[in-house]
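See structure below.
The chains referred to below are lettered A, B, ... by the order of the sequence lines, with proteins before strands, and numbering in each begins at 1.
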There are 2 protein chains.
Amino acid sequence: MQYLKIMEAINEQIDAGLLAAGNKLPAERKLAESFNTTRVTLRESLALLEAEGKLYREDRRGWFVSPEPLRYDPTFTTDFPAMACAQNRQARSELLSANLVPASRRAASLLQVPPLSEVYRIDRLRYLDERPVVVVTNFILPEYFPNLLDHDVTTSLTATYRKQFDVIYTRTRYRVSTTSLLGDTAHALRATSGSPAMLVERLNYDQHNNLIDCDLEYWRHDAICIESMATLEK
Amino acid sequence: MQYLKIMEAINEQIDAGLLAAGNKLPAERKLAESFNTTRVTLRESLALLEAEGKLYREDRRGWFVSPEPLRYDPTFTTDFPAMACAQNRQARSELLSANLVPASRRAASLLQVPPLSEVYRIDRLRYLDERPVVVVTNFILPEYFPNLLDHDVTTSLTATYRKQFDVIYTRTRYRVSTTSLLGDTAHALRATSGSPAMLVERLNYDQHNNLIDCDLEYWRHDAICIESMATLEK
DNA sequence: GAGTGGTCTAGACCACTTT
DNA sequence: AAGTGGTCTAGACCACTCG
């Protein structure tokens, strides 16, 4: 089992600091040669290290050492920049699109509205230390946010909610599962189609316990780890 | 990009019910032939479907369609059989070992005790509908549970805690990340070394807010999805 | 334009599971 | 004993990135 030995060897180099977070690995052909194997076998090792979250890949650009994951606590805040800042990381968001659209089947089901009801859909790409790590799609119920798009949605949505509409996130129902990146989502994250990813779905409720919006967050799975404290109810 | 087309084709067959949960796929050579490709390309598709959680693999036995994941709510209960039962699934546990051992570095750090302090270590393998899905290692502080091993640890630990020691889980700090399965853990789960997995680490506190034990849970990553409700504190 | 990663082919051998 | 999955080899072509 060569591929296990190669995994170990690369892991050791990372742990020893020879390969620092964000560093690019040598070309596959060179790595294959230096491990005295073929590209196919080498890529098996790399793919497993990717699945493990030790390495990540940028499509056609190469393999890189994963930085520490962002600790994501669903209990604390929904505010990405604040979360990043609290962990001494730099955050940045890019607005991909903001529209009033007929709800997709998935969105309608999550928001418990009839299919094709009109909802706001806001897509963002978020960067962590200049690396694109998550594509967030928000589906927002217009009844609580009339003319939302006349306001600034390029920065923090939670801030706009609070300042313009007196709406504060109070509770959230979340669900974390594994998926893979496809099409535009993959492309925005500079990932190869089919790469493993983490999907975080959230349903957000305001201070009156009304369901006000939902998020679908497609994360590069090495970029987050879920971490929280829970008081057991049973 | 053949491998994407193959992924889609297999996905469709699953969605259409032609391949039901738990079913074994045809042999790789047959699949490769029917998709008019080679085993290498076919296995690329299968590996991605595995990463996505649609398929799983049993070492040297073949590829299977993943059942629905167990919804795991860290807020509700730490009791695996109860969780499974509430979702109409059948659960079973196997005791792998139970010993008093010097704490490993990881365990000592989690439990905040000096390295090599003696702690109980209990390893279990848990089955969901007769499929092994998680290896759980418990490290338990002996000071709260004198002579723990004289009691029954083959069934529910929480029950023993409660009945024999008046200790009730009250709070838990958890952390979810991705890893890969290696060695004995992989073998117990009938997985190939290096397969992607989910690691759930928990620190459990009793009704007096004392840290009493910790768990390391290595899950087949297609077998669970984290799902919870949180009240935001900020 | 050179080099790189993405994708694919057509085999092979072994150890293990299954029949 | 036959079949299967696990692993590996030694190439190839293309589209893209990067200097």
Starting from [atom2] on [N], measure out to [atom1] on [X] and report it in whole angstrom.
X        : N      : atom1 : atom2 : answer
B/Glu44  : C/dG6  : CD    : C1'   : 9 Å
B/Asp59  : D/dT7  : CG    : C1'   : 12 Å
B/Leu31  : D/dG5  : CG    : P     : 8 Å
A/Leu42  : C/dG5  : CG    : C1'   : 12 Å
A/Arg190 : C/dG6  : CZ    : P     : 15 Å
A/Glu28  : C/dA2  : CD    : P     : 21 Å
A/Lys5   : D/dT7  : NZ    : P     : 13 Å
B/Arg60  : C/dC14 : CZ    : P     : 13 Å

Just by distance, with hydrogens left out, do A/Glu94 and A/Tyr127 show a side-chain donor and acceptor under 3.5 Å apart?
->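 Yes - a donor-acceptor pair under 3.5 Å links their side chains.
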
[X] side-chain N/O to [N] phosphate OP1/OP2 under 4.0 Å:
X       : N     : result
B/Lys30 : D/dT4 : yes
A/Thr41 : D/dT9 : yes
B/Thr37 : C/dT9 : yes
B/Arg43 : D/dG6 : yes
A/Lys24 : C/dG5 : yes
A/Tyr3  : D/dT7 : yes

Is any side-chain N or O of B/Arg39 under 3.5 Å from a base N or O of C/dG11, one able to act as donor and the other as acceptor?
->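 Absent.
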
Any ion pair linking B/Glu44 and A/Arg43 (charged N to carboxylate O, less than 4.0 Å)?
->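 Answer for the salt bridge query: no.
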
Would you call B/Asp123 and B/Arg121 a salt bridge, taking side-chain N to carboxylate O under 4.0 Å as the test?
->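 Salt bridge present between B/Asp123 and B/Arg121.
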
Touch check for B/Gln2, heavy atoms < 4.0 angstrom, all strands: base, sugar-phosphate only, or nothing?
->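 The residue B/Gln2 makes sugar-phosphate contact but no base contact.
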
Testing B/Leu149, B/Asp213, B/Asp215, B/Asn204 for side chain to side chain contact (heavy atoms under 4.5 Å, CB included) with B/Ile140, which one passes?
-> B/Asp213

Pick out which of A/Leu216, A/Leu110, A/Ile122 makes a side chain to side chain contact (heavy atoms under 4.5 Å, CB included) with A/Phe139.
->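 Result for side chain to side chain contact (heavy atoms under 4.5 Å, CB included) with A/Phe139: A/Leu216.
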
For B/Arg29 and for B/Thr38, find the nucleotide of DNA chain C with the closest heavy atom, then tell me which residue's nucleotide is more 5'.
->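 That would be B/Thr38.
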
Of all the nucleotides listed (D/dT4, C/dG6, D/dG6), which has the minimum atom distance to the side chain of A/Trp63?
->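 Among the listed nucleotides, the one closest to the side chain of A/Trp63 is C/dG6.
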
Comparing nearest nucleotides in DNA chain D, the 5'-proximal residue of the pair A/Arg61, A/Asn36 is A/Asn36

